[in-house]
Amino acid sequence: MAQGTDHRMIARDLAVLWHPCTQMREHPDTLPLVPIARGEGAWLIGHDGRRYLDAVSSWWTNLFGHAEPRIARAIAEQAGTLEQVILAGFSHEPAVALAERLLALAPREAGRAPLAKVFYADNGSAGVEVALKMAFHWFRNRGDTQRTKFIALENGYHGETIGALSVGDIPLYRRVYAPLLAEAIFAPSPDAYLARDGESAADCAERAAAELRDILQRHGHETCALILEPRVQCAGGMRMHDPVYLKRVRELCDAHGVFLIADEIAVGFGRTGTRFACEQAGIQPDLMCLSKGLTGGFLPLAAVLATQAIYDGFLDDSRERAFLHSHSYTGNPLACAAALRAQAIFDEDDVLARNVRTAARMTELAAPLADLPHVADVRQAGMIVAFELTRGGDRNTPFAAGSRVGLHAYRKALERGVVLRPLGDILYWMPPYCVDEDQLVLLADTTREAIAHATKDAN
Ligand SMILES: *Cc1c(COP(=O)(O)O)cnc(C)c1O
């Protein structure tokens with residue numbers, strides 16, 4: 001598919017770049033490498049002028065389309081005013097205004113003190129590290145040295161740094177580094193795909209919650225926090241659970257004095273239908289991690305929202321009791337300005353209401369694909385739709401690990417001008433919110449074709 005300038009560009013790239021999440025040996029023959037010159041709405045446009053529909057929102061970051069002019073302008077204006085300033089001892093308008101905005105929008109639960117403080121980091125994994133360290137340190141500051149453990153969910157994902165990887169449970173990312181990782185306790189996932197015969201998604205969630213109850217009975221006293229991805233375990237294959245699980249987790253964490261960390265890095269900002277996924281269970285976490293869509297997909301930034309009680313636990317005469325965590329670019333003004341503009345677009349364009357209609361259309365277009373012979377499950381949470389491919393088209397007969405059905409589907413879709421990046425044998429749609437009718441139809445047609453092609457001779 002590559003031609004002309006692409007060939008030269010690919011050669012230059014492979015001479016100097018080491019790409020993320022990639023076995024570099026597969027480039028460019030097994031795995032195409034596609035130079036992108038520019039973006040426009042939901043399209044990525046190659047050097048050769050070919051257009052690719054960005055059905056994965058560039059790793060779940062993009063919200064309103066590429067090169068969205070309002071956000072681009074906000075960044076340019078900020079860059080000409082104040083590009084960066086140390087956030088220790090100094091302040092600036094975008095950081096303050098964004099914190100005010102995020103706290104006003106954060107999930108609320110009747111009878112619970114609201115999230116009250118914002119700590120910035122500069123990517124999702126760093127945000128997770130912040131939340132974990134805050135939870136641990138809070139107990140230390142109270143003289144509670146017993147609480148040194150974290151509970152996380154099986155099949156969960158929270159990033160790639162050593163701390164974040166310690167609470168992640170995806171073998172592909174974790175296994176090699178296991179000797180380096182902090183000890184975590186993994187509770188069964190409420191994943192509705194794992195429901196037993198006759199069990200509803202809610203039953204399955206209640207069963208997982210009952211197992212969590214047992215774990216907390218044994219380990220509650222030595223646990224500082226539980227971390228989870230509300231509603232959808234994204235990197236774990238877009239596996240979805242019933243919101244009742246989140247209600248139970250909230251009750252159990254309260255009963256055991258364990259902090260609840262909601263990692264909304266992927267699911268936040270409207271992906272699952274509501275602004276934040278926690279809203280679907282009517283719960284409020286003690287710490288909430290945001291990143292990815294936070295800046296509309298323009299710049300790296302993370303925000304960790306905390307309760308006043310957590311913040312107060314660090315106030316003291318001693319520097320050691322303070323939360324000294326810092327990144328050079330903490331609260332970068334350009335990123336904060338982008339995030340502020342992105343939040344304003346939600347209101348200006350009535351984005352969440354529009355998404356309800358888009359999601360309904362996605363439901364219609366996805367439904368017929370459920371009848372394809374190798375599709376074991378089609379599931380949806382708002383603007384996320386996933387297709388689980390298996391050999392027998394049921395839940396018990398996955399494809400052999402070496403069959404690489406996902407890769408074959410990816411290549412076929414790319415040929416057709418759609419970026420359909422799989423998670424193993426799971427294909428998913430997580431498009432920018434500006435995706436239109438023609439693009440959705442192209443997406444559905446291409447997905448059908450890619451599945452048929454990839455599963456033809458696979459076993
Ligand atoms: C992507 C992701 C992270 C890590 O964010 P990075 O910016 O890639 O470090 C953490 N948690 C979840 C749920 C994610 O999807």
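In what follows, residues are counted from 1 in the order of the sequence shown. In each ligand, atom 1 is the first atom listed, and ligand 1 is the first ligand listed. These numbers come from a predicted model, not from an experiment.
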If the cut-off is 4.0 Å to any non-hydrogen atom of [X], which atoms of ligand 1 fall inside it?
X    : result
A266 : 15 (O)
W60  : 15 (O)
S125 : 4 (C), 5 (O), 6 (P), 9 (O)
G159 : 4 (C), 10 (C)

For the ring pair [X] and [Y], is the centre-to-centre distance below 6.0 Å?
X    : Y    : value
F346 : F64  : yes
F276 : F269 : yes
H327 : Y120 : no
F119 : F323 : yes

Inset, instruction - If you have a sec, work out which protein heavy atom is nearest atom 5 (O) of ligand 1 and how many Å separate them, to one decimal? - result: G124 CA, 3.2 Å
Legend entry - Salt bridge present between E388 and R395 (N-O < 4.0 angstrom): no
Legend entry - Shortest heavy-atom approach to atom 12 (C) of ligand 1 - which of V128, D263, N123: D263
Inset, instruction - Could you name the option among E229, K292, E129, H158 that has the heavy atom nearest to atom 14 (C) of ligand 1? - result: K292
Inset, instruction - Return yes when at least one protein heavy atom is under 4.0 Å from atom 8 (O) of ligand 1, and no when none is. - result: no
Legend entry - Exercise: do H241 and D191 side chains pair donor with acceptor under 3.5 Å: no
